Amino acid sequence: MDYLKELNEPQHQAVSTVEGPVMIIAGAGSGKTRVLTYRIAYLIQHGVDPFNILSLTFTNKAAKEMKERIGKVVGSSEARNLWMGTFHSVFARILRVEAEKIGYPQNFTIYDTDDAKSLLKTIINEMGLDDKIYKPNQVYNRISSAKNSLVNAQGYLKHPEISTDDQLAGRPKMGQIYEKYSMRCFKSGAMDFDDLLLKTYELFKRYPDVLYKYQQRFRFILVDEFQDTNWAQYSIIRQLAAMYQNICVVGDDAQSIYAFRGANIQNILNFEKDYPDLRTFKLEQNYRSTQNIVNAANSIIARNKQQLPKKVWTSNAQGNRLKLYKALTDNEEGNYVAQNIFEERMNHQRANNEFAILYRTNAQSRALEEALRRMNIPYKIYGGVSFYQRKEIKDLLAYFRLVINLNDEEALKRIINYPARGIGKTTLDRLVVTASENEISVWTAMENLKDLQVGLGAGTIKKVEEFMLMIRSIRSQLNSKNAYELGSFIATHSGLLRELYNDKTPEGVSRYENIQELLNGMKEFTDKAETPEESLLPKFMEDIALLTDADNDDEDDRNKVSLMTIHSAKGLEFPYVFIVGLEENLFPSQLSVNSREELEEERRLFYVALTRAMEQVSLSYAQTRYRWGNLIQSEPSRFIAELDPEFLDVKYSHNTGHSGMGAQMGGGFDDSPRTRAANYSIPGHSPLKKLNTAKTATPSFSGDPVSSFQPGMEVMHARFGKGKIIAIDGNDMNKMATIQFEGEGEKKLLLKFAKLKIVGN
DNA sequence: TGCCCGGGTGTTTTT
DNA sequence: CACCCGGGCA
């Protein structure tokens with residue numbers, strides 16, 4: 001019980017108050033993980049069977065780490081029986097056990113976002129709807145948020161407000177699409193991510209005996225990152241906790257950043273109403289960050305209206321001020337960051353993995369990557385296209401999926417003609433339509449080809465049958481071969497491996513290697529299995545269905561700089577944190593600036609970013625940045641102005657030192673009062689202090705921003721040479737300039753493409 | 001049926 | 001800029 005001594009008073013309370021509903025409001029860096037870990041250990045040491053504890057975390061990785069930590073306190077054999085995982089993975093597990101009650105096969109497929117969108121697209125086309133109006137992306141989001149609010153297709157169709165909304169939005173058929181989509185998933189034996197929640201809720205609602213079973217089982221429930229749960233998740237927790245009321249939720253309303261995914265900050269604010277006996281503990285002492293960081297973060301979050309009162313403080317050292325750097329371009333921002341990491345690493349003996357670069361959108365990673373690569377700094381990007389989303393991996397997995405679940409329509413569509421076996425689009429379309437009309441799966445339709453009069457030629461029918469024969473013959477080995485053996489067999493016998501092997505382009509080679517890597521992973525999986533049953537392919541698929549990149553960690557990634565979105569940085573900490581791209585319309589996002597609520601979410605996101613740092617925060621923004629291929633001008637983020645200047649150290653990029661370039665680069669951008677950040681005058685810090693970094697790398701002939709050109713200016717063009725702008729017409733990004741070139745005559749050029757440099761007025 | 005080209009389009013954020 | 005899709009052609 002020694003560990004209790006390591007806790008401060010509120011932490012101690014939070015750990016040892018184990019009966020009844022408990023809410024722990026855990027400020028950033030306040031030792032939340034430690035409290036959760038010890039609370040579970042405490043439960044076990046007070047005689048609670050680990051078997052009766054359910055702990056829901058945000059990522060599988062968090063679950064795994066916590067399990068290890070608990071194992072160290074109470075012994076790993078005790079810890080083994082704990083149920084820990086994400087909502088999605090825990091409920092998927094329950095659903096597999098109970099699947100037949102709701103008419104699903106035990107081996108149901110989990111459709112990822114791509115599968116779901118592809119199916120929606122098929123349905124929209126089948127219904128003869130315009131996919132410019134019914135964009136699969138938007139339809140998917142609409143259905144997703146319905147499911148997250150526990151509205152199923154029937155409920156959706158009956159709901160008057162929803163139909164009015166859809167009518168007004170010009171998408172009256174939304175409900176019918178939802179209905180068809182649900183039906184198709186059902187016939188395919190497939191659930192999407194949101195179904196894992198919705199169906200669990202419905203299962204418990206419909207079968208009180210099943211609910212009772214799990215209520216008995218999960219007598220103690222803990223929920224981490226409670227601020228990011230949505231209505232469906234919350235409702236399921238409430239169902240499960242209804243009997244014993246031993247529910248402990250841990251969260252921080254200031255760090256709620258998933259409203260876009262249906263997360264409801266109200267869950268936290270309303271928890272008290274649902275559980276009148278609730279005991280609330282607040283963890284307010286921050287052990288992670290310096291005073292400057294904590295106070296700067298506080299000054300930001302104080303601007304939000306919607307929040308629970310709390311005061312996060314620290315007794316750590318004051319630390320350095322936050323650095324703020326104004327870069328000319330996104331590339332230069334990258335150089336600044338890379339250069340800075342390089343220097344800090346040298347001067348203070350720091351390791352690569354002590355640095356993180358955080359951004360708002362994945363697309364921003366490119367400029368940073370290039371800069372890091374130039375300086376030979378090893379880095380790892382989290383998020384983006386995950387390994388399991390790569391085409392070749394999805395292809396092979398589609399074979400696995402189809403073999404396990406013959407009704408899996410999306411898997412079948414993917415591979416029936418890959419590698420090419422003469423079953424083309426027309427044939428496939430006919431099969432899919434026939435299946436849809438008869439409300440059967442595509443595979444079932446293929447099994448009944450002759451009766452259904454699909455109208456295929458004899459040759460085509462033969463090819464379809466050969467394909468079915470191949471799938472069946474693989475399927476017959478499902479229980480005799482382990483995942484690795486069967487996986488290799490499929491890779492070879494499907495022709496997929498050969499197809500990739502024959503492709504000698506660099507991409508082809510890399511695809512081939514990826515397949516090998518997947519197979520290696522499967523080897524590892526089978527080697528690790530304790531029983532033959534555990535080593536089978538379906539088990540492997542269950543394991544990886546809900547994995548994300550964040551859940552893998554390679555040993556060779558151990559000492560690298562981390563690049564990730566702020567969202568994926570949640571729960572992590574780093575000594576040095578760079579927050580880049582602090583520009584209006586990027587962070588905060590353009591889509592959020594018009595509503596107070598969304599803006600507050602962006603602000604919380606900034607708060608999360610700041611509080612990841614232990615020692616040093618470096619903020620930066622660029623005045624011009626490439627976006628959708630265009631060079632655009634940016635204003636500094638309002639969040640910079642919201643930071644109390646006493647915590648800031650400002651640096652400006654300027655290159656008056658580079659003679660000859662002044663006119664087009666340095667001089668072109670003034671520190672005008674228009675830019676909010678420049679409103680600060682910080683005593684003792686010259687805003688023009690020369691940076692020892694980034695030699696403003698190559699401007700890479702990117703040209704000056706479109707908006708800076710005026711008639712009468714002299715400009716330089718890479719091919720036509722020097723010329724004078726006679727006129728500019730058109731607007732925005734489509735501005736066209738008429739230019740009289742010396743020697744080349746008059747030309748009309750689109751400014752966004754011309755890459756002109758201003759050489760004089 | 002399959003490949004190549006051109007145009008249109010799109011970005012938050014993720015289980 | 002990058003990707004996806006559709007249309008045209010071999």
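Everything numeric here is computed off the predicted structure, so don't read it as measured data. Chain A is the first sequence line, chain B the second, and so forth, proteins listed ahead of strands; every chain is numbered from 1. Computed from heavy atoms alone, side chains included, the values below leave out hydrogens, waters and symmetry copies.
- Atoms CE (A:Met191) and P (B:dT15) sit 20 Å apart, rounded to a whole Å.
- Looking only at atom types and distance, the side chain of A:Lys117 has a donor-acceptor partner in the side chain of A:Asn137 under 3.5 Å away.
- Among residues two or more places apart in sequence or in another chain, the ring pair (Phe, Tyr, Trp, His ring centres under 6.0 Å) test is passed with A:Tyr607 by none.
- A:Tyr181 and A:Asp192 are linked by a side-chain donor-acceptor pair at a separation below 3.5 angstrom, with hydrogens and angles left out of the test.
- Atom-to-atom, OH of A:Tyr382 to P of B:dT15 comes out at 14 Å; the value is rounded to the nearest Å.
- We find that NZ of A:Lys117 is positioned 12 Å from P of C:dC5, with the value rounded to whole Å.
- Between the CZ atom of A:Arg93 and the C1' atom of B:dT15 there is a distance of 17 Å, rounded to whole Å.
- In this structure A:Phe186 satisfies the side-chain contact (heavy atoms from CB on, under 4.5 Å) test together with A:Tyr104, sequence neighbours excluded.
- Cation-pi geometry between A:Lys121 and A:Tyr134 is not met: the NZ or CZ atom fails to fall both under 6.0 Å from the ring centre and inside 45° of the normal.
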Every protein N/O within reach of nucleotides 6-13 of chain B N/O, cut-off under 3.5 Å:
unit_1, atom_1, unit_2, atom_2, d
B:dG10, OP1, A:Lys135, NZ, 2.6
B:dT12, O2, A:Arg360, NH1, 2.3
B:dT12, O2, A:Arg360, NH2, 2.1
B:dT13, OP1, A:Asn362, N, 2.9
B:dT13, O2, A:Arg360, NH2, 2.6
B:dT13, O2, A:His567, NE2, 3.4

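- In this entry the distance linking CD of A:Glu542 with P of B:dT15 reads 20 Å, nearest Å.
- Residue A:Lys391 contributes atom NZ, which lies 11 Å from atom P of C:dC4 at whole-angstrom precision.
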Under 3.5 Å, which protein N or O atoms sit close to an N or O of nucleotides 1-4 of chain B? Give each pair with its distance.
unit_1, atom_1, unit_2, atom_2, d
B:dT1, OP1, A:Gly424, N, 3.1
B:dT1, OP2, A:Thr426, OG1, 3.3

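- With sequence neighbours left out, A:Phe606 forms a ring pair (Phe, Tyr, Trp, His ring centres under 6.0 Å) with A:Phe587, A:Phe639.
- Partners of A:Lys67 by side-chain contact (heavy atoms from CB on, under 4.5 Å), not counting sequence neighbours, listed by chain and number: A:Leu82, A:Met84.
- Rounding to whole angstrom units, CG of residue A:Asn331 and P of C:dC1 are separated by 12 Å.
- The P atoms of C:dC4 and B:dT13 are separated by 16 Å, rounded to the nearest whole Å.
- A cation-pi arrangement, defined by a distance under 6.0 Å to the six-membered ring centre and an angle within 45 degrees of its axis, is absent between A:Arg142 and A:Tyr178.
- A:Arg625 has its CZ atom 14 Å from the C1' atom of C:dC1, to the nearest Å.
- Cation-pi check for A:Lys380 over A:Tyr382 is met; the charged atom lies under 6.0 angstrom from the ring centroid and within 45 degrees of its normal.
- Using a 4.0 Å heavy-atom distance criterion, A:Lys121 is classed as a sugar-phosphate-only contact.
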